[in-house]
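In what follows, every chain begins at residue 1, and chains take the letters A, B, ... in the order their sequences are listed.
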Amino acid sequence: MKTTLYANLRKKNIAITLIVSLAPLLLLGGTIYHQFVQMYKEKIEEQIRYRVAGQTEAVDLFLKERTAVLSAMAALHTLEDLKDEQRLSRVFEIINSSAGAFVDLGVIDQVGKHLTYIGPYNLKGLNYYHEGWFEMIMNRGVFISDVYMGFRRLPHFIIAVRRQENQKTWILRATIDPVIFGGILRSAWVGKTGDAFLVDKNGILQTQPRFNGRTLETSNLDTSLFGGGITIFEKENEQGGKRFYAGKWLQNEQWLMVISQEMQEEMSGLFASRNVQIIIILSGVLAIVLTTIFTTNQTVNRLKHFDHKMNKLNAQLVQSDKLAALGKMAAGVAHEINNPLAVIIQKTGWIEDLLLEEDFQHSKNLKEFKESLHKIEEHVERAKKVAHNMLGYARRMEPRLEDVDVNVTLDQTIGLLENFARTNNIKITKVFAADIPITAGEQSKLQQVFFNLITNAIDAIGKNGEIIVESEHKNSVIQVRIIDNGPGIPKEIQPKVFDPFFTTKQTGKGTGLGLWVCYNIINTMGGSIELRSATGKGTTFFVRIPVVIPEKK
Amino acid sequence: MESFRMLVVDDEQDFLETVVKRLKKRKIDTTGVLSGEAALELVKESFFDVVILDIKMPGGIDGIETLREIKKLQPLTEVILLTGHGSIETSIEGMKLGAFDYVLKPIKLEDLLKKLGQALESKNVHDQKIRSARIKEILRFPGEVLDRQED
């Protein structure tokens with residue numbers, strides 16, 4: 001039950017300490033990480049926004065330049081001039097050297113007929129009247145087509161300008177080099193995953209994207225998501241990763257510039273710092289957990305130790321309290337017994353006195369009377385002994401301190417008992433330490449203690465055995481051990497052996513006061529007396545006496 | 001043994017009666033009283049060589065107080081304290097107040113008589129000393145210190 005108590009305490013302590021110390025750490029770590037992610041995202045968005053804006057501007061400028069050059073050429077020449085292939089070729093050279101990226105150049109009349117053509121394809125004479133763009137250019141004046149295959153079966157787009165000359169309307173039309181145009185977008189293919197491409201309103205790819213799809217295929221982008229200005233969003237790709245998309249409509253509102261980048265790549269710096277953060281936090285957590293377990297274990301163990309000590313002290317206290325109370329009671333009882341005993345002995349004496357008188361000398365039972373009186377006296381004597389032993393405890397004469405040599409005292413005591421032991425075939429072995437100091441005390445009392453303990457040992461053995469009497473000195477305490485190889489004291493009666501009137505001897509043989517007196521004598525000296533015993537193995541009594549340095553005379 | 005007078009003081013009537021009877025039977029001039037007060041009354045009137053005095057007498061004045069008064073009234077009277085309990089401190093106190101000795105109850109009459117004998121012997125020595133001291137005093141011997149001998 002006690003063990004569970006400590007285990008619970010340990011668990012509670014660890015749990016509370018961990019919660020209190022880890023919660024702020026994790027909260028702080030989480031918050032910092034979240035803030036960091038937020039900041040990082042903002043930074044990335046800022047970057048991608050900047051890129052899409054710059055790229056859109058570049059494409060817009062490209063188209064504006066080409067349109068302006070064509071418009072200028074159309075304005076500076078008449079239809080008649082440009083019907084001349086040589087003149088047209090000259091114009092083609094000029095526009096290619098000033099602006100560049102033109103693949104071909106042609107003049108178309110108002111009914112859609114290709115009048116003159118300079119370029120790699122043989123398109124002269126073709127009629128565009130039914131082409132969708134032809135009608136648009138006739139209506140708008142300036143026109144940039146979507147990318148289409150056209151007669152040449154290659155994706156391309158054209159820029160066309162209309163010229164009104166007297167009654168005639170004609171068109172100057174040029175094809176833009178898709179490779180050069182695509183190069184502008186390719187310059188925005190940043191890093192390993194960066195992509196940039198154009199789509200039309202229907203999501204048809206106008207340039208070759210870096211990944212997924214070819215020109216004129218449908219992209220999987222919903223163009224309606226992109227409003228005015230710059231639109232940024234995240235989208236999951238097929239691999240489960242996330243991709244940033246940023247888009248802006250060109251000035252002609254016909255094409256959408258799309259820039260995209262894998263989040264993983266953009267955030268790699270963030271992820272690296274996140275990993276460092278996680279490692280730091282994990283080591284912190286580990287350190288806290290280990291420290292908590294260690295300190296809790298230490299605390300609980302200390303507590304256990306002190307509890308154990310306290311329990312032991314309490315038990316001692318209870319024992320000495322009990323004995324003190326019993327002592328008082330015993331003294332009271334002894335007193336109450338002594339008075340009647342005094343009367344009995346006087347009355348007996350009086351009868352004896354009277355029996356001496358002449359009248360009784362011839363009584364036939366005189367001998368019986370005398371014997372009975374003698375027995376009464378004998379038993380009063382026995383009762384008196386018990387009472388005086390009890391009173392001995394209550395006596396508190398000022399101790400007369402004298403120089404006591406414990407070894408000598410033991411020697412003398414053993415000397416008194418040696419014959420008794422020998423007749424019972426019990427060997428008494430002396431193992432005395434030579435360094436036992438002289439202590440101030442009452443030799444007679446100490447002798448009484450040793451006498452009682454050794455007598456008990458002899459009685460316990462009965463016949464045939466050994467008693468070892470040891471003395472040693474350690475840390476200002478003299479310890480005497482009296483070890484017998486008798487039958488031992490059963491565990492259940494061990495706590496009772498120091499109680500007064502407790503005896504295992506036959507009625508009339510022991511008063512049950514021997515160990516009680518020993519306990520009190522040693523206690524008064526500030527020492528302690530303990531026993532260790534195992535049934536069948538024997539008993540050891542430990543007497544510990546603090547060394548009192550005798551006063552110099 | 002020259003003739004002497006003795007007083008026994010004990011509140012236990014059975015004890016007192018029997019002891020007095022037995023002492024008288026041994027031709028000792030003995031008086032018995034049941035309380036300290038009664039004892040003091042007697043001591044005021046006449047001299048006793050030895051007083052056997054029970055220390056614990058509930059009710060009236062106790063043995064120690066009685067002893068103190070007896071010693072005031074009759075310094076030459078020897079007092080043997082009788083104690084039924086383990087109050088040795090009290091007995092020692094009594095000795096300091098001038099009691100001759102103390103004996104523990106229950107005691108056989110023979111033992112009590114032995115103690116009595118010792119007391120009388122001491123009393124004689126004591127009286128002798130006092131006598132010689134007086135003589136010395138009269139002869140103006142300076143600085144003789146008197147001390148009590150216990151045996």
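- Within residues 16-34 of chain B, the residues having any heavy atom closer than 4.5 Å to a heavy atom of chain A are Thr18(B), Val19(B), Lys21(B), Arg22(B), Lys25(B), Arg26(B), listed by residue number.
- Asn338(A) and Lys384(A) share no side-chain donor-acceptor pair at under 3.5 Å.
- Smallest separation of non-hydrogen atoms from Cys518(A) and Ile529(A): CB-CD1, 4.1 Å.
- No donor-acceptor pair under 3.5 Å is formed between the side chain of Glu78(B) and the backbone N or O of Asp49(B).
- No side-chain heavy atom of Lys71(B) sits under 4.5 Å from any side-chain heavy atom of Thr77(B).
- Note on Val343(A), Thr348(A), Ile345(A): by heavy-atom pairs under 4.5 Å with chain B, the leading option is Val343(A).
- By the neighbour-count criterion of 12 heavy atoms within 6.0 Å, atom CD of Gln412(A) is densely surrounded, having more than that number from other residues, nucleotides or ligands.
- Taking the six-membered ring where the residue is Trp, Tyr519(A) and Phe498(A) present tilted rings, their angle falling between 30° and 60°.
- With a 6.0 Å radius and a threshold of 12 heavy atoms from other residues, nucleotides or ligands, His379(A) has its NE2 atom above the threshold.
- Taking non-hydrogen atoms and a 4.5 Å limit, the residue list of residues 447-458 of chain A in contact with chain B is empty.
- The two residues Asp10(B) and Lys105(B) come nearest to each other via the heavy atoms OD2-NZ, 3.0 Å.
- Using a 4.0 Å cut-off between charged nitrogen and carboxylate oxygen, Asp62(B) and Lys56(B) do not count as a salt-bridge pair.
- For the pair Val50(B) and Val79(B), the minimum side-chain heavy-atom distance is 4.5 Å or more.
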